[in-house]
Amino acid sequence: MKSFVQYGAGNIGRGFIGPLFSAAGYEVTFIDISETLISALNSRRSYTLEVVSDEGNREIRVENVRGIPGNDEAAVASAIAGADVMATAVGVNVLPKIAKNIAGGLSARWQKGNFAPLNIIICENMLHADRFLRDLLLSYLSPAEAESFDERVGLVEASIGRMVPVLTEEQRQKDPLFVRVEPYAYLPVDKDAFRGEIPAVPGLYPFSPFAFYVERKLFVHNMGHAFSAYLGQLQNLAYIWQAVGVPVNKLLVQRAMLESARGLSRKFSVPLESILPHIDDLLLRFANKALGDTVDRVGRDTKRKLSPHDRFAGAVALCEEAGVSPIYIAAGLACGLFFQGENDEGSAYVQTLLNEHGATYVLASHCGLAPESKGHRFALSAYKLLAAGGTAEALLAHCEGLTRKELASS
């Protein structure tokens with residue numbers, strides 16, 4: 001049986017990537033710091049995946065699984081040394097913490113004479129995650145190992161579209177391995193990044209050029225999802241399905257996603273008509289009440305999500321470079337400045353910056369929007385409207401007014 005190593009047994013690892021490879025006949029080894037998860041995986045060697053939708057639920061049994069504690073460096077190295085393929089799904093901020101272990105596994109692999117290519121599928125929401133992880137790994141490898149790294153290791157970016165909400169404490173206590181997911185199980189990956197043979201795994205879709213899918217995920221899916229959360233919190237709503245169920249919210253989010261779509265269409269010469277159905281599908285998926293996805297989960301960590309290359313400021317830059325006015329995206333960013341997550345250091349950081357320096361400073365220094373840019377101007381005007389008590393309806397009218405002015409001046 002082929003071996004697949006999944007670094008990270010959280011929502012995406014256990015709810016999406018692991019099940020894909022398990023269903024394709026691989027033994028799946030999860031590496032995680034949670035002793036509870038690892039113990040349960042090793043004692044049961046399987047777990048239940050519940051696929052939920054408003055039309056009804058179904059259960060899938062994920063078989064041939066085991067676990068390794070993340071702090072057991074020798075066991076981690078041994079698993080990677082013998083793996084046919086592996087993936088990470090730990091979160092961007094955790095990649096630097098696991099890079100040493102992955103590098104140790106690569107060294108062990110080569111010391112044992114296993115020079116078969118190892119493809120590492122990077123399931124993180126980050127532009128250029130392959131470059132980021134490559135630099136981390138090379139810092140732990142010897143000069144001789146680094147010299148042959150690119151021939152032996154494929155760093156394969158992936159576009160993670162499946163939504164996996166955080167379970168309640170009651171659900172986790174009942175079964176630590178239980179996961180609830182939406183039906184969507186489509187994993188685009190960078191075809192050109194593979195070394196050797198591409199795994200024949202149903203649901204794994206290699207594409208080239210892949211940059212379009214990475215940016216579509218970040219600037220359409222992730223941006224629209226977060227915008228929904230920010231609007232939801234401004235209206236004291238708890239769930240994403242409630243937020244997109246408000247017509248004015250859905251319209252604001254849809255128009256922001258359309259701006260990103262127009263930017264992507266121009267940048268990658270992809271017909272706009274081919275992107276529009278994806279937006280419609282996403283809005284339907286956001287409205288999946290059965291997922292129970294919360295505003296707090298989707299919106300938290302605005303320190304990262306409002307940073308220069310992430311879902312909002314990055315989408316603003318995309319649009320400005322493509323000649324698209326990012327009016328609604330900037331409005332979403334402005335809504336994000338008000339977001340406060342529960343026990344969330346990221347949003348607390350942004351709130352501290354705002355209190356100490358004001359919105360103009362935050363938009364320029366933290367979000368990377370040049371003060372003279374349209375994106376900065378659009379976001380600041382939306383922020384001022386909301387700070388004065390403006391509603392979502394007022395924000396929509398404001399954005400429509402800016403759109404008319406842009407059209408008149410073009």
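Not measured: the values here are computed from a predicted model.
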For the atom pair [atom1] ([X]) and [atom2] ([Y]), what is the distance rounded to the nearest 0.5 Å?
{"X": "K303", "Y": "Y349", "atom1": "NZ", "atom2": "OH", "result": "5.0 Å"}
{"X": "C319", "Y": "I329", "atom1": "SG", "atom2": "CD1", "result": "3.5 Å"}
{"X": "F194", "Y": "S208", "atom1": "CZ", "atom2": "OG", "result": "12.0 Å"}
{"X": "R311", "Y": "H221", "atom1": "CZ", "atom2": "NE2", "result": "9.5 Å"}
{"X": "I33", "Y": "I38", "atom1": "CD1", "atom2": "CD1", "result": "10.0 Å"}

Do you know which two heavy atoms are closest between [X] and [Y], and how far apart they sit?
{"X": "P199", "Y": "Y26", "value": "CB-OH, 3.7 Å"}
{"X": "I17", "Y": "A87", "value": "CG2-CB, 4.0 Å"}
{"X": "P176", "Y": "T36", "value": "CB-CG2, 3.7 Å"}

Lys/Arg-Asp/Glu bridge criterion (N-O < 4.0 Å) met for [X], [Y]:
{"X": "E59", "Y": "R180", "result": "no"}
{"X": "E215", "Y": "K267", "result": "yes"}
{"X": "R285", "Y": "E182", "result": "yes"}

Residue [X] excluded, over 12 heavy atoms near [atom1] under 6.0 Å:
{"X": "R45", "atom1": "CZ", "result": "yes"}
{"X": "N343", "atom1": "CG", "result": "no"}
{"X": "L396", "atom1": "CG", "result": "yes"}
{"X": "H357", "atom1": "NE2", "result": "yes"}
{"X": "E63", "atom1": "CD", "result": "yes"}
{"X": "E197", "atom1": "CD", "result": "no"}

[X]-[Y] aromatic ring centre distance below 6.0 Å:
{"X": "F178", "Y": "Y47", "answer": "no"}
{"X": "H366", "Y": "Y361", "answer": "no"}
{"X": "F16", "Y": "F21", "answer": "no"}

With distance as the sole criterion, is a donor-acceptor pair present between the side chains of [X] and [Y] under 3.5 Å?
{"X": "S325", "Y": "E406", "value": "yes"}
{"X": "D32", "Y": "Y7", "value": "no"}
{"X": "Q6", "Y": "T29", "value": "no"}
{"X": "E27", "Y": "N64", "value": "no"}
{"X": "D344", "Y": "S347", "value": "yes"}
{"X": "R216", "Y": "S159", "value": "no"}
{"X": "Q233", "Y": "D296", "value": "no"}

> Taking F286 as the fixed residue, which of L284, N288, L282 is the one that meets the side chain to side chain contact (heavy atoms under 4.5 Å, CB included) rule?
Replying inline: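 Of L284, N288, L282, side chain to side chain contact (heavy atoms under 4.5 Å, CB included) with F286 is met by L282 alone.
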Between [X] and [Y], what is the ring plane arrangement, given parallel below 30°, perpendicular above 60°, and tilted in between?
{"X": "Y239", "Y": "W241", "result": "parallel"}
{"X": "F207", "Y": "Y213", "result": "parallel"}
{"X": "F268", "Y": "F212", "result": "perpendicular"}

> Hey, are the side chains of Y328 and M223 touching, using non-hydrogen atoms and a 4.5 Å cut-off?
Replying inline: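 No; the side chains remain at least 4.5 Å from each other.
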>> Let's go through D293 and R297 carefully: what are the C-alpha distance in whole Å and the side-chain angles of both, what is the deciding distance for salt bridge (Lys or Arg N to Asp or Glu O under 4.0 Å) to 0.1 Å, and is it a yes or a no?
In response: CA-CA 7 Å; D293 213 355; R297 186 197 76 82; 2.6 Å; yes
>> Using only atom types and a distance under 3.5 Å, with no angle test, would you say the side chain of K305 pairs donor to acceptor with the backbone of V298?
In response: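 Yes, K305 side chain to V298 backbone: donor-acceptor pair under 3.5 Å.
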> Can you check ring pair (Phe, Tyr, Trp, His ring centres under 6.0 Å) on Y230 and F338, steps first, answer last?
Replying inline: CA-CA 8 Å; Y230 300 155; F338 292 89; over 10 Å; no
